[in-house]
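Here you go, one structure.
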Amino acid sequence: MVRNASEFGRCQGEIIEVQIARTENDDLLIDVIDCHSAFPDFERAVAGHLGQGLWRIAQHGATLFWHPHKSGKTVRGVLGSGRTS
């Protein structure tokens with residue numbers, strides 16, 4: 001996710017931010033934030049039609065989302081812990 005952001009979401013002089021957290025259910029959340037507010041081919045990227053970065057992450061069990069905000073966008077990967085309680 002960071003590699004994708006560094007290749008496709010980087011802006012001159014801007015940084016890419018990474019946030020990692022755990023939910024109460026012990027799922028792992030990985031947020032990668034860059035300065036581009038659009039991701040017009042997100043579904044195609046996750047499906048592996050535009051390279052394999054996000055596709056590989058999905059193949060390892062992550063659910064991927066993205067959302068725009070005023071300073072760019074956040075791409076989130078959620079990896080479930082596999083725990084049921």
Side-chain angles (χ1 to χ4, degrees):
M1 290 170 58
V2 174
R3 182 177 178 196
N4 278 5
S6 70
E7 289 183 24
F8 305 110
R10 193 172 52 170
C11 296
Q12 185 78 21
E14 295 289 325
I15 63 169
I16 295 167
E17 184 177 343
V18 178
Q19 298 177 353
I20 299 173
R22 286 255 184 214
T23 67
E24 290 179 6
N25 295 330
D26 211 27
D27 294 340
L28 179 64
L29 305 179
I30 304 169
D31 289 343
V32 178
I33 303 155
D34 66 42
C35 64
H36 290 282
S37 60
F39 201 151
D41 293 322
F42 177 76
E43 290 82 13
R44 292 184 66 219
V46 172
H49 300 294
L50 298 174
Q52 295 189 348
L54 294 179
W55 176 81
R56 286 179 191 253
I57 294 166
Q59 295 304 301
H60 286 289
T63 303
L64 297 166
F65 307 92
W66 80 279
H67 66 274
H69 42 80
K70 69 176 186 167
S71 60
K73 72 174 170 296
T74 298
V75 177
R76 171 172 281 182
V78 180
L79 285 164
S81 68
R83 293 178 16 180
T84 57
S85 57

Other hydrophobic cluster members with Leu29, side-chain heavy atoms of Ile/Leu/Val/Met/Phe/Trp/Tyr under 4.5 Å, chained? Phe65, Val78
Testing the basics here: between Val46 and Ala58, what is the closest heavy-atom pair and its distance to 0.1 Å?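 Val46 and Ala58 have their closest heavy atoms at CG1-CB, 4.2 Å.
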Could you see if Ile16 belongs to whatever hydrophobic cluster contains Ile57? Use Ile, Leu, Val, Met, Phe, Trp, Tyr and a side-chain cutoff under 4.5 Å. yes
Could you list all the side chain to side chain donor-acceptor pair (under 3.5 Å) pairs where at least one residue sits in residues 41-52, not counting sequence neighbours?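 Checked against side chain to side chain donor-acceptor pair (under 3.5 Å) - neighbours excluded - the pairs reaching residues 41-52 are Gln52-Arg56.
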Point-to-point distance, once rounded to the nearest 0.5 Å, from CG of Asp34 to CD of Glu17: 11.0 Å
In the single-linkage hydrophobic clustering (I, L, V, M, F, W, Y; side-chain heavy atoms under 4.5 Å), do Ile15 and Ile20 co-cluster? no
So do the side chains of Val18 and Met1 get within less than 4.5 Å of each other, counting heavy atoms only? no
Which residue pairs satisfy the side chain to side chain donor-acceptor pair (under 3.5 Å) criterion with at least one member in residues 61-70, sequence neighbours excluded? His69-Ser71, His69-Thr74
Is Ile33 reachable from Val2 through a run of hydrophobic residues whose side-chain heavy atoms are each under 4.5 Å from the next? no
In Å, rounded to the nearest 0.5 Å, how long is the span from CZ of Phe39 to CG of Leu54?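 Interatomic distance, Phe39 CZ to Leu54 CG, rounded to 0.5 Å: 5.0 Å.
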How about Arg22 and Leu28: do any of their side-chain heavy atoms sit closer than 4.5 Å?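 Result yes, sub-4.5 Å side-chain heavy-atom pair found.
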Taking all non-hydrogen atoms of both residues, which atom of Gly61 and which atom of Leu79 are closest, and how far apart?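 Here Gly61 and Leu79 meet closest at C-CD2, 3.7 Å.
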Heavy-atom closest pair, residues Ser37 and Pro68: O-CB, 3.2 Å
Approximate separation, where rounding is to 0.5 Å, of Ile30 CD1 and Arg76 CZ: 10.5 Å
Closest heavy-atom contact between Lys73 and His36?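 Scanning both residues, the minimum pair turns out to be CG-O, 3.0 Å.
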